[in-house]
Amino acid sequence: MMTGRWQLAHGRHLDLGGKAIVVGILNVTPDSFSDGGLFDAPEKAVDQARRMVEEGASVIDIGGESTRPGASPVSAKEEQARIVPIIEALATSGGTLISVDTYRQDTARLAVQAGAHIVNDVWGLQREPGIASVAAETGAGLVIMHTGRDRQKLPDVIADQLFFLRKSLEIAQRSGVADDHIVLDPGFGFAKETAAENLDLIARFSELRALGFPLMAGTSRKRFIGTVTGRDAAARGAGTAATSVILRLKGAHLFRVHDVAINVDALAIADAMLAREIGES
């Protein structure tokens with residue numbers, strides 16, 4: 001397991017490797033695929049964030065625009081109106097690490113100014129490349145996610161990951177983002193249309209360690225888990241936790257989830273097993 005310190009905005013950091021890090025998903029949208037409308041009121045969003053922290057989340061990832069397939073886009077102004085008050089409210093507590101889920105450079109800048117520590121770009125810097133400059137200038141942690149949307153993918157699941165993410169890393173490095181600010185996410189479900197493709201990505205996940213960066217896994221409640229388990233989106237917590245354990249054993253450092261408590265417990269067992277294997281080696 002790769003270890004290291006992930007440098008974040010506002011002088012904060014996360015130590016990665018020894019213990020799995022759980023990132024709680026907070027969608028302040030009316031139309032996200034499994035929790036749309038549940039937390040779009042500011043007071044409900046803040047309460048949910050605090051609940052996830054109590055359950056063991058180290059980071060809260062706040063999104064103001066649904067990324068589900070077919071979702072209607074929103075303006076930058078609407079996205080910012082949804083998320084900035086929540087970030088400001090959480091930042092006043094001082095302890096919670098905050099991530100902003102956006103591909104827009106202006107939104108990212110406002111979010112970090114409001115108190116966010118991490119920028120999480122589901123378009124891997126390839127929709128608004130200027131978002132990388134925002135991360136460099138503010139010192140924010142940067143999650144670079146793979147997507148296959150709006151392009152022709154390579155047929156091999158790992159070859160396409162490497163092709164896309166290397167291009168993203170070039171953008172980050174040209175913009176001045178230091179390596180110790182970067183985490184990579186293979187983007188489960190983002191133009192991985194079949195259960196087989198997502199399961200193949202899990203099976204071969206350890207091959208992504210060749211890129212040399214910490215890895216985030218975001219399988220939470222994804223459609224492929226429903227295909228395997230037969231469960232509706234809101235009932236996929238156990239299936240998600242199973243994928244989290246497998247991915248932890250294959251080298252993932254961070255886990256972006258809706259259901260915090262079950263994943264925290266499952267990952268504690270995975271961490272115990274990893275520690276035991278290291279002790280016996």
Side-chain angles (χ1 to χ4, degrees), residues 1-4 6 16-17 20-21 23 61 67-69 101 103 120-127 129 131-132 141-174 177 179-229 236 239-257 263 266-267 270 273-274 277:
M1 179 68 64
M2 175 193 297
T3 61
W6 190 21
L16 304 179
I21 302 295
V23 178
D61 186 51
T67 56
R68 67 176 175 81
D101 179 353
Y103 61 85
N120 177 15
D121 182 5
V122 300
W123 286 91
L125 317 181
Q126 296 187 38
R127 185 156 173 176
I131 199 169
L142 181 61
V143 180
I144 299 172
M145 200 195 79
H146 172 281
T147 184
R149 292 180 180 176
D150 295 346
R151 66 182 180 86
Q152 184 67 42
K153 295 188 299 180
L154 299 176
D156 180 84
V157 65
I158 296 299
D160 193 71
Q161 289 277 329
L162 299 179
F163 170 80
F164 182 91
L165 290 172
R166 283 173 174 150
K167 182 177 179 180
S168 296
L169 287 167
E170 289 175 2
I171 295 169
Q173 289 157 356
R174 284 200 307 268
V177 181
D179 285 356
D180 60 358
H181 286 251
I182 295 173
V183 163
L184 302 180
D185 181 341
F188 287 96
F190 281 76
K192 290 83 171 172
E193 304 297 347
T194 66
E197 186 173 1
N198 287 279
L199 293 171
D200 285 347
L201 184 53
I202 292 175
R204 298 179 62 189
F205 187 86
S206 59
E207 295 179 46
L208 298 177
R209 293 156 72 175
L211 289 166
F213 289 88
L215 298 168
M216 177 182 282
T219 59
S220 189
R221 299 184 182 178
K222 295 290 185 178
R223 183 173 56 186
F224 80 91
I225 294 176
T227 300
V228 173
T229 64
R236 294 172 189 166
T240 298
T243 64
S244 294
V245 168
I246 295 166
L247 289 164
R248 178 60 174 161
L249 298 178
K250 288 180 174 289
H253 299 81
L254 301 105
F255 300 83
R256 184 178 178 276
V257 301
N263 282 276
L267 287 163
M273 292 305 301
L274 286 170
E277 289 175 2

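Remember, predicted model here, so these are calculated numbers, not experimental data. The basis for the numbers below is simple: all heavy atoms, side chains too, and nothing from hydrogens, waters or symmetry mates.
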For [X] versus [Y], what's the shortest heavy-atom pair and its separation?
X      : Y      : answer
Thr3   : Gly17  : CG2-CA, 3.9 Å
His181 : Val177 : CB-CG1, 4.1 Å
Phe163 : Leu154 : CB-CD1, 3.8 Å
Phe188 : Gly218 : CB-O, 3.7 Å
Pro186 : Leu208 : CB-CD1, 3.8 Å
Gly124 : Ile144 : CA-CG2, 3.8 Å

Begin from the C-alpha positions of Val143 and Leu254 and carry the test side chain to side chain contact (heavy atoms under 4.5 Å, CB included) through to its verdict.
CA-CA 11 Å; Val143 180; Leu254 301 105; over 6 Å; no
Roughly how far, to the nearest 0.5 Å, is [atom2] of [Y] from [atom1] of [X]?
X      : Y      : atom1 : atom2 : result
Leu16  : Met2   : CG    : CE    : 9.5 Å
Phe205 : Ile246 : CZ    : CD1   : 12.0 Å
Glu197 : Asp200 : CD    : CG    : 7.5 Å

Sequence neighbours left out, what passes side-chain contact (heavy atoms from CB on, under 4.5 Å) with [X]? Give chain and number order.
X      : value
Asp180 : Gln7, Ala178
His146 : Arg151, Asp160, Gln161, Phe164, Leu165, Lys192
Ala270 : Val245, Arg248, Leu249
Ala191 : Arg149, Glu193

Any non-hydrogen side-chain atom of [X] less than 4.5 Å from a side-chain atom of [Y]?
X      : Y      : result
Asp179 : Gln173 : yes
Asp185 : Phe190 : no
Leu201 : Phe224 : no
Asp150 : Trp123 : yes
Asp121 : Gln126 : no
Leu169 : Phe213 : yes
Glu277 : Leu274 : yes

Salt bridge (Lys or Arg N to Asp or Glu O under 4.0 Å) against Asp156, all qualifying residues, sequence neighbours excluded
Arg204
Taking only residues two or more places apart in sequence, or in another chain, which ones meet [X] in a side-chain hydrogen bond (donor to acceptor under 3.5 Å, both in side chains)?
X      : result
Thr147 : none
Arg256 : Asp61, Asp101
Asn263 : Ser244
Lys250 : none

[X] side chain vs [Y] backbone, donor-acceptor pair below 3.5 Å:
X      : Y      : answer
Asn198 : Gly189 : yes
His253 : Leu215 : yes
Ser168 : Leu125 : no

